[in-house]
Number of protein chains: 2
Amino acid sequence: MKKISPNTINRVLLYLRVLEDLIKDKRYLVSSGDISRFTGVSDVQIRKDISSFGKVGTPRIGYRTIELKKVLKDFILQCDVVRIVLFGVGNLGKAILKYPGFNKDRIKVVAAFDRLGSRINKKINSVIVYPVERAPEVIKRLRADIGIIAVPKKSAQGVADIMVLSGLRGIVNFSPCPINVPKSVMVKDIDLTIEFLSLCCSIKA
Amino acid sequence: MKKISPNTINRVLLYLRVLEDLIKDKRYLVSSGDISRFTGVSDVQIRKDISSFGKVGTPRIGYRTIELKKVLKDFILQCDVVRIVLFGVGNLGKAILKYPGFNKDRIKVVAAFDRLGSRINKKINSVIVYPVERAPEVIKRLRADIGIIAVPKKSAQGVADIMVLSGLRGIVNFSPCPINVPKSVMVKDIDLTIEFLSLCCSIKA
DNA sequence: TACTGTGAAACGGTTCACAGCC
DNA sequence: GGCTGTGAACCGTTTCACAGTA
């Protein structure tokens, strides 16, 4: 069992998505070239990624979709469902609660938290909004894995602290500032401003 | 003039943000160690990044914030304001239109587009929603640089085609499928589902 | 022929170690 | 001492070239 890099994980998740679509369309064979066309990843890269999990394809034929899906899933995703909690039910938070792409991938927002009294105890898309104080208790009870920070900048670190205390092991941080957490907690920053500015710079080049 | 990688661009944008805060606080000197603490980037990396733009710091003292800001800005961001257009005014689109972080960084959403009659000709946060058909004309008139795809998966490629035709050179794609565009157009995919699943996998490791 | 699998080479980015400077 | 700047070493990832196979 070797360590597999975040980059590879992302790519494999793309392959899995393609495989699921193919299987739904009753296609049972696929080549690395096909997957390349669907994902934009080069075919060599795809073969390298897959071969690191064992020999699963057959030369001249390709990969059997169902088998490949099973192999990739076993290595990548032992968890059946991802339970996430949301901090901050503003515009962005609400959009996440209503995001339609999660269901089919077994991602489930199990609770939301906010400080504003007017938002608390409401249900949004059948997710209950709790006061922040109840976070540790609720998170432990619902056994959430990952938390989303969708609060204003100045509250971000405080929320992150609560998340760590509550036992979350992964954080997606939408706030435009880096947060400080123990190394054991994985953080993924998604900073919209930086993304736009960065893209803008790349264009000029 | 050397090429500078997207990674570096992202880091430099972080430095710039820190510098602006420091200058606002009337701090005129800063060391790479300081910036490291604020951004999480290692101090050596920071010095490497900065030194690729010339010798701007002074040993024993550090960098002068105002000067450094100017140097970085000149290399990174010649554009004064980024004009973006939004395709798809659903939950996510609305959240983007209301995102508060853009103003201070001179990112401006100049127009939005949708197919739904009920959304068209409304103003959201003082941005007008046009019918998709008018996109090429409006985009050219407003001289937008970058477009956002916030439409359902099945419409994503069609919207991307319109964007390319309209002359946009950068696309931020929130839809969960890769889009096909000429190499001259820069694409940044932000796939929420993949992000969550990926984080989940990293946790298990 | 058309595909997978893989060792080797090439590349790019990060870290290290230290020179230079005040 | 404390800081910047930089060539060299290091590491991981991607690409190349090709062996192997039905």
Side-chain angles (χ1 to χ4, degrees), chain A residues 1-15 18-19 22 27-72 75 183 198 201-202 205, chain B residues 2-15 18-19 22 27-72 75-76 183 198 201-202 205:
Chain A
M1 182 74 79
K2 65 231 66 168
K3 55 205 142 239
I4 112 176
S5 80
N7 264 2
T8 311
I9 292 179
N10 280 7
R11 286 196 304 269
V12 170
L13 289 169
L14 282 179
Y15 309 156
V18 168
L19 287 171
L22 288 173
R27 282 197 48 187
Y28 297 115
L29 284 174
V30 69
S31 72
S32 56
D34 295 334
I35 303 180
S36 174
R37 245 162 282 125
F38 289 129
T39 60
V41 181
S42 82
D43 58 338
V44 192
Q45 181 73 74
I46 291 168
R47 288 200 298 279
K48 258 266 154 66
D49 286 337
I50 293 176
S51 75
S52 72
F53 302 125
K55 300 193 190 194
V56 39
T58 40
R60 165 83 176 121
I61 304 295
Y63 301 95
R64 285 198 292 279
T65 51
I66 295 175
E67 181 192 4
L68 181 54
K69 174 184 159 185
K70 188 173 169 348
V71 170
L72 296 183
F75 266 84
K183 277 197 305 296
S198 174
C201 299
S202 303
Chain B
K2 66 229 67 164
K3 54 203 142 245
I4 112 177
S5 80
N7 263 4
T8 311
I9 292 180
N10 280 10
R11 286 195 303 267
V12 170
L13 289 169
L14 283 179
Y15 310 157
V18 168
L19 286 171
L22 288 172
R27 282 198 45 188
Y28 298 114
L29 284 173
V30 69
S31 72
S32 56
D34 295 334
I35 303 180
S36 174
R37 245 162 283 124
F38 290 128
T39 59
V41 181
S42 82
D43 58 340
V44 192
Q45 182 73 72
I46 291 169
R47 288 201 299 280
K48 257 268 154 67
D49 286 337
I50 292 175
S51 74
S52 71
F53 303 124
K55 300 192 190 194
V56 41
T58 39
R60 168 79 178 124
I61 306 294
Y63 301 96
R64 285 198 292 279
T65 50
I66 295 175
E67 182 191 4
L68 181 54
K69 174 184 160 185
K70 187 172 170 349
V71 170
L72 296 183
F75 266 84
I76 275 288
K183 277 196 305 298
S198 174
C201 299
S202 302

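Lettering follows sequence order; numbering is per chain, from 1. Just so it is clear, the structure is predicted and the values come from calculations on it, not from any experiment.
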Check: Pairs counted as Watson-Crick or G-U wobble with both distances under 3.5 Å: what dot-bracket string results for DNA chain D, using | for bases tied to another strand?
Finding: ||||||||||||||||||||||
Item checked: Integer-rounded Å distance: dT14(C) P and Ile50(B) CD1 -> 15 Å
Next item on the list: For Ser36(B), enumerate each residue passing the side-chain contact (heavy atoms from CB on, under 4.5 Å) test, keeping only those at least two apart in sequence or located in another chain.
Entry: Asp43(B), Ile46(B)
Next item on the list: Could you list the residues that satisfy side-chain contact (heavy atoms from CB on, under 4.5 Å) with Val56(A), not counting sequence neighbours?
Entry: Ile50(A), Tyr63(A), Glu67(A), Leu68(A), Val71(A)
Next item on the list: Give one of base, sugar-phosphate or nothing for Ser5(A), where a contact means two heavy atoms less than 4.0 Å apart.
Entry: sugar-phosphate
Check: Within less than 4.0 Å of OP1 or OP2 of dT14(C), is there a side-chain N or O belonging to Asn7(B)?
Finding: yes
Note to self: Taking side-chain hydrogen bond (donor to acceptor under 3.5 Å, both in side chains) as the definition, give me every residue that meets it alongside Ser32(B), ordered by chain and number, with sequence neighbours left out.
What the structure shows: Arg47(B)
Notebook entry, point to check: Within this structure, what is the CD1-to-P distance between Ile4(B) and dG12(C), rounded to whole angstrom?
Noted result: 15 Å
Note to self: Return whichever of Val44(A) or Gly33(B) has its heavy-atom-nearest nucleotide of DNA chain D closer to the 5' end.
What the structure shows: Gly33(B)
Check: When all nucleic acid strands are considered with a 4.0 Å heavy-atom cut-off, which category describes Ser32(B): base, sugar-phosphate, or nothing?
Finding: sugar-phosphate
Margin query: Tell me which residues in residues 55-63 of chain A lie within less than 4.0 Å of DNA chain D, going by non-hydrogen atoms.
Written below: Pro59(A), Arg60(A)
Check: Between dT4(C) atom P and Gln45(A) atom CD, what is the distance in whole Å?
Finding: 14 Å
Checklist line | Span of DNA chain D in contact with chain B (heavy atoms, under 4.0 Å) | finding: dG1(D) to dA8(D)
Checklist line | Phosphate-side-chain proximity, Arg47(A) and dG5(C), N/O vs OP1/OP2 below 4.0 Å | finding: no
Check: Excluding sequence neighbours, so at least two apart, what forms salt bridge (Lys or Arg N to Asp or Glu O under 4.0 Å) with Asp34(A)?
Finding: Arg27(A), Arg37(A)
Show me the donor-acceptor pairs within less than 3.5 Å that the side chains of residues 8-15 of chain A make with the rest of the protein, sequence neighbours left out.
from	atom 1	to	atom 2	distance (Å)
Thr8(A)	OG1	Ser5(A)	OG	2.9
Asn10(A)	OD1	Ser198(B)	OG	2.7
Arg11(A)	NE	Asp49(A)	OD2	2.7
Arg11(A)	NH2	Asp49(A)	OD1	3.0
Arg11(A)	NH2	Asp49(A)	OD2	3.4
Tyr15(A)	OH	Asp49(A)	OD2	2.7

Checklist line | Partners meeting side-chain contact (heavy atoms from CB on, under 4.5 Å) with Thr58(A) (sequence neighbours left out) | finding: Ile61(A)
Next item on the list: Starting from P on dC3(C), measure out to CG on Asp43(A) and report it in whole angstrom.
Entry: 10 Å
Margin query: If I take atom CG in residue Asp34(A) and atom P in nucleotide dA2(C), what distance separates them, rounded to the nearest angstrom?
Written below: 14 Å
Note to self: Please give me the minimum heavy-atom distance between Thr65(B) and Val30(B), naming the atom from each residue.
What the structure shows: CG2-CG1, 3.8 Å
